[in-house]
2 protein chains.
Amino acid sequence: MNTLAEENYLKSIFHLSDAEESVSTNQLATLLNTKASSVTDMLKKLADKALINYTPYQGVRLTLSGEKIALNIIRKHRLWEYFLVEKLNFKWDQVHEMAEEMEHISSNELINRLDKFMGYPKFDPHGDPIPDINGQINHHNLKLVSAIEVNDSGTISGVKNHSPNFLQYLEKQTLTIGKIISVIEIIPFDQSMILQTENKEVHISSEVANNLLIAL
Amino acid sequence: MNTLAEENYLKSIFHLSDAEESVSTNQLATLLNTKASSVTDMLKKLADKALINYTPYQGVRLTLSGEKIALNIIRKHRLWEYFLVEKLNFKWDQVHEMAEEMEHISSNELINRLDKFMGYPKFDPHGDPIPDINGQINHHNLKLVSAIEVNDSGTISGVKNHSPNFLQYLEKQTLTIGKIISVIEIIPFDQSMILQTENKEVHISSEVANNLLIAL
DNA sequence: TAAAAAATTTAGATAAGTCTAAAAAATATA
DNA sequence: TATATTTTTTAGACTTATCTAAATTTTTTA
Ligand SMILES: [Mn+2]
Ligand SMILES: [Mn+2]
Ligand SMILES: [Mn+2]
Ligand SMILES: [Mn+2]
């Protein structure tokens, strides 16, 4: 199988990938908190294993088999996060680091039984979709709160930033997954927003609005 | 903290330790499926970290802090095995390899919550006692089935061998943890034994009797 | 479009954990 | 108790994943 380091690279390439551009060495170095030269070494290894398409200086894309592995790791990560929150009563800001370790437990039989045990959840505690056993993801159409307008309302459904600091702040403002909000006012000076939540008015900065996802 | 390899060495030293003798390099090499020279290297490292007392050529013993770490890993191993059997419905012969990986998940908060979630079980699926949060073990007094006599009876409470082959055999003979048996006859020629189980008579070899533990 | 800047790769080192082969120490045996 | 055998350690090498510094390629900018 693949080493822990290889799995982390594949997952990071997946997260950085989009339809247009390929993923650069520096993007990976930043995300993985390592040096560009280390990334280059690993890219050669992953290319040898046919998990990525890599042309020196041209960045990298996952092959189909690389993407399959990445999706399986993300599936494991999100199912373990769900387990930690729903079964062991952790808060949503406490589970990411643990899941970073647990996602590398190799048994697929284990993860499939865990999935069943929890009733096949579709989203993790941060609103991210959980890939099913075949790697299928249930995308839903989310917008950044910063991109909606006064009087628009909807359900908070995801976060772009997963840092404990941010998640704890949202918790305090009752801006958590599933909560319904509407936009009362947008301050032109700094693009900060005044929101109506289920129980109070909340004033959020544009940075916060830029990292919060909503289903209209 | 400690690496995965260090944790596995500490656990193995613990399992091989007894009151009298210290653990030898070769014993460790055999159990860990590695070479004696590799063991020597690691023993130096663990001694530098004050986790073992090591004198070249004289074998090794855990220090108090080494033992604490070993017991914590064993606690994790056995709690995860319990989880896999009781919550995810694995059989007792399927869980050891998975637990070998899961015992290295670092969070103690996680394992303590898992313990609570499962109702603080005292024994793992193989009858082995689960150390509590302070490393205390609930020893109970078990005898090898090979050491008891005709007409003795008791409850099957543990196994010395954990191989899937052996466990599957026991399952087939309904010689599983908690079952009550009594000795009908011991064949002098080969020390094999005829046992009365709850629903049938079973004839077991002396090898089997030597790996099965009973509470009288 | 040539020079400067930025991004990426190569070269050479290092640390952890393993190995084989050889040397040294401990133990068994005659 | 000397010699043979077994056990253990040492020496030197290899692999994985990382690093720094230097070289190379690409991109930007004047
Ligand atoms: Mn996460
Ligand atoms: Mn998540
Ligand atoms: Mn086990
Ligand atoms: Mn067990």
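Proteins get letters first, then strands, A, B, ... in listed order; numbering begins at 1 in each.
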Working to the nearest 0.5 angstrom, can you tell me the gap between B:F14 CZ and B:L62 CG? 8.0 Å
Nearest 0.5 Å, what's the CD-CG distance between B:Q168 and B:D93? 4.0 Å
N-O pairing of [X] and [Y] below 4.0 Å:
X	Y	answer
A:K11	A:E100	yes
B:R75	B:E103	no
B:R113	B:E109	yes

Quick one: which of [options] gets closest to the side chain of [X]?
X	options	result
B:T25	C:dC19, D:dT8, D:dT20	D:dT8
A:Y54	D:dT9, C:dT18, C:dT9	C:dT9
B:S37	C:dT9, C:dT10, C:dT20	C:dT20
A:A36	C:dT9, C:dT18, D:dT18	C:dT9

When both distances are under 3.5 Å in a Watson-Crick or G-U wobble arrangement, the nucleotide paired with D:dA30 is C:dT1
Could you run through nucleotides 22-27 of chain C and give me one letter per nucleotide, 5' to 3': B if any protein heavy atom sits under 4.0 Å from the base, S if only the sugar-phosphate is that close, - if neither? --BSS-
In whole angstrom, what separates [X]'s [atom1] from [N]'s [atom2]?
X	N	atom1	atom2	result
B:L46	C:dA16	CG	C1'	13 Å
A:Q27	C:dT8	CD	P	8 Å
B:L43	D:dT10	CG	P	11 Å
A:D41	D:dC19	CG	C1'	10 Å
B:L32	C:dC19	CG	P	10 Å
A:L28	D:dT18	CG	C1'	16 Å
A:E6	D:dT15	CD	P	15 Å

The residue, A:L4 or B:S38, whose nearest nucleotide of DNA chain D is more 5′ is B:S38
Nearest-nucleotide wise, let me know which of B:S24 and A:T34 is further upstream toward the 5' end of DNA chain D. B:S24
Would you please confirm or rule out a distance under 4.0 Å between OP1 or OP2 of [N] and any side-chain N or O of [X]?
X	N	result
B:N26	D:dT8	yes
B:K35	C:dT20	yes
A:K44	C:dT9	no

Is the Lys NZ or Arg CZ of B:K122 less than 6.0 Å from the centre of B:Y82's six-membered ring, within 45° of the axis? no
Less than 3.5 Å apart, any donor N or O on the side chain of A:S157 or A:H140 sitting next to an acceptor on the other? no
